[in-house]
Chemist: 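Before anything else, here's the structure in question.
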Amino acid sequence: MTNVITIDGPSGVGKGTISEYLSDQLKWNYLNSGALYRAIAWVARNDSINLDDIIGLECASKNIEFSLKSKKLKIVYKNKEIGSLIYNEEVAKIASKVSSKPKVRQSIINIQRSFKKEPGLVAEGRDMGSVIFPESQLKIFLTASIETRAQRRFKQLKDREFNVSLPALIEDLDARDRRDKERKSSPLVIPEGAFVIETDDLTVVEVKKAVNEKVNETYGTDI
Ligand code: DC
């Protein structure tokens, strides 16, 4: 049996930081499932595929090569590595729309499951524990209020000298939350049996500590 830890939660809650940390510590594979939706979004924009053209989107998803390189996701489209091109607000907005389409979600279920490989997998997203890996031994769900998440993002962007407004970030997160929670196919839910960590009043170090304790409790591994 291959081990899987799932980490789900809303946008901007810090899933990436925690999942990357945990997969590095455990030396397990790391699936950032949001990157798959972002890659499809990037291709849709690049190839001018209308977001209502479901067949076009399905086709796009089939033509993207997703693989693991040094335990992390590698994304190639038409012989070009596109992993570094998908982390921007424009792609995020399209990804949010693309990910609400049931057929698009269906088209990448098997790809996501294929990343479950020895010595184990840390899978991060919105439906990792509820739909993709319901068999996972440890399901973690991170939460934080929309204000906390917007403040963190605001600080990150300011530090990188981006000019952003806090109300605009809150509005954007609110729209994404609604799309994640209200879509019919695999909405964002707390998976059954998940360990919920409210991160509003916790530092990153404290969240890592809480996760480590849960991992030790589940696997008896000292990490
Ligand atoms: O986590 P992220 O911001 O990179 O995700 C990009 C988009 O994909 C976001 O709108 C939520 C969606 N997503 C999803 O619907 N299901 C997942 N398992 C992961 C991401």
Side-chain angles (χ1 to χ4, degrees), residues 1-36 38 68-73 83 87 92 112 115-160 166 169-170 173-174 176-177 180-181 186-223:
M1 183 191 68
T2 306
N3 293 321
V4 188
I5 297 175
T6 58
I7 303 190
D8 290 298
S11 287
V13 77
K15 299 183 297 289
T17 306
I18 300 301
S19 310
E20 207 164 357
Y21 158 78
L22 192 59
S23 57
D24 282 347
Q25 290 293 306
L26 294 169
K27 301 194 171 53
W28 288 7
N29 300 302
Y30 170 38
L31 168 64
N32 168 15
S33 59
L36 274 64
R38 284 173 183 263
L68 283 172
K69 181 182 170 194
S70 308
K71 298 190 161 61
K72 299 214 160 86
L73 193 59
Y87 288 97
Q112 294 177 83
F115 289 115
K116 183 174 154 185
K117 286 200 180 106
E118 294 299 333
L121 176 70
V122 175
E124 172 219 319
R126 308 294 191 288
D127 59 348
M128 298 294 97
S130 56
V131 175
I132 306 296
F133 302 108
E135 75 283 13
S136 126
Q137 302 85 23
L138 174 57
K139 298 176 185 180
I140 292 171
F141 192 90
L142 300 179
T143 68
S145 70
I146 201 159
E147 288 76 19
T148 303
R149 288 181 280 136
Q151 282 284 1
R152 289 178 188 161
R153 184 99 187 104
F154 184 68
K155 189 173 174 308
Q156 267 176 5
L157 292 171
K158 279 268 165 210
D159 288 348
R160 283 191 253 149
L166 190 58
L169 285 177
I170 291 181
L173 274 177
D174 185 51
R176 269 184 226 182
D177 279 4
D180 277 346
K181 287 182 193 157
S186 308
L188 175 67
V189 289
I190 301 179
E192 217 180 295
F195 176 57
V196 179
I197 308 178
E198 302 249 2
T199 70
D200 285 87
D201 300 319
L202 299 180
T203 62
V204 175
V205 172
E206 287 168 330
V207 178
K208 286 178 181 170
K209 188 163 171 272
V211 168
N212 279 341
E213 281 169 10
K214 216 57 203 170
V215 171
N216 291 345
E217 209 180 291
T218 309
Y219 297 102
T221 326
D222 206 20
I223 62 164

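Treat the numbers as computed from the prediction; the structure is a model and nothing was measured.
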Chemist: Can you run down the side-chain hydrogen bond (donor to acceptor under 3.5 Å, both in side chains) pairs that involve residues 3-18, sequence neighbours left out, and say none if there aren't any?
Modeler: Ser11-Arg126

Chemist: With sequence neighbours left out, what residues match Glu213 under salt bridge (charged side-chain N to carboxylate O under 4.0 Å, His left out)?
Modeler: Lys209

Chemist: Do Leu188 and Phe141 come within less than 4.5 Å of each other through their side chains, counting heavy atoms only?
Modeler: yes

Chemist: For Leu166, what residues pass the side-chain contact (heavy atoms from CB on, under 4.5 Å) criterion, not counting sequence neighbours?
Modeler: Ala150, Gln151, Phe154, Ile170

Chemist: Holding to salt bridge (charged side-chain N to carboxylate O under 4.0 Å, His left out), I want the full list of residues that pass it with Asp159, two or more places apart in sequence or in another chain.
Modeler: Lys155

Chemist: For Thr199, enumerate each residue passing the side-chain hydrogen bond (donor to acceptor under 3.5 Å, both in side chains) test, keeping only those at least two apart in sequence or located in another chain.
Modeler: Arg152

Chemist: Answer whether the closest heavy-atom distance between the side chains of Asp127 and Val189 falls below 4.5 Å.
Modeler: no

Chemist: Who are the side-chain hydrogen bond (donor to acceptor under 3.5 Å, both in side chains) partners of Asp200, not counting sequence neighbours?
Modeler: Ser145, Thr148

Chemist: Do the side chains of Met128 and Gln112 get nearer than 4.5 Å, heavy atoms only?
Modeler: yes

Chemist: Applying side-chain contact (heavy atoms from CB on, under 4.5 Å), can you list everything that pairs with Glu206, at least two apart in sequence or on another chain?
Modeler: Leu202, Thr203

Chemist: Is there a side-chain contact between Gln137 and Met1 in this structure, where contact means two heavy atoms from C-beta onward sitting under 4.5 Å apart?
Modeler: yes

Chemist: Using the test side-chain hydrogen bond (donor to acceptor under 3.5 Å, both in side chains), find all partners of Lys72 that sit at least two apart in sequence or belong to another chain.
Modeler: Asp24

Chemist: To the nearest 0.5 angstrom, please state how far the CD atom of Glu118 sits from the CG atom of Asn29.
Modeler: 9.0 Å

Chemist: Could you go through the side chain to side chain contact (heavy atoms under 4.5 Å, CB included) check for Asp177 and Arg149 one step at a time?
Modeler: CA-CA 11 Å; Asp177 279 4; Arg149 288 181 280 136; 2.7 Å; yes

Chemist: Just jot down the side-chain contact (heavy atoms from CB on, under 4.5 Å) partners of Ser23, sequence neighbours excluded, or say none.
Modeler: Tyr30, Val122

Chemist: Applying side-chain contact (heavy atoms from CB on, under 4.5 Å), name anything that partners Lys208, two or more places apart in sequence or on another chain.
Modeler: Ile18, Tyr21, Val204

Chemist: Under a 4.5 Å cut-off applied to non-hydrogen side-chain atoms, are Thr2 and Leu121 in contact?
Modeler: no

Chemist: Does a side-chain heavy-atom distance below 4.5 Å link Thr218 with Ile5?
Modeler: no

Chemist: Mind checking what makes salt bridge (charged side-chain N to carboxylate O under 4.0 Å, His left out) contact with Lys71, not counting sequence neighbours?
Modeler: none

Chemist: Return the set of residues passing side-chain hydrogen bond (donor to acceptor under 3.5 Å, both in side chains) with Lys27 (not counting sequence neighbours), or none when no residue passes.
Modeler: none

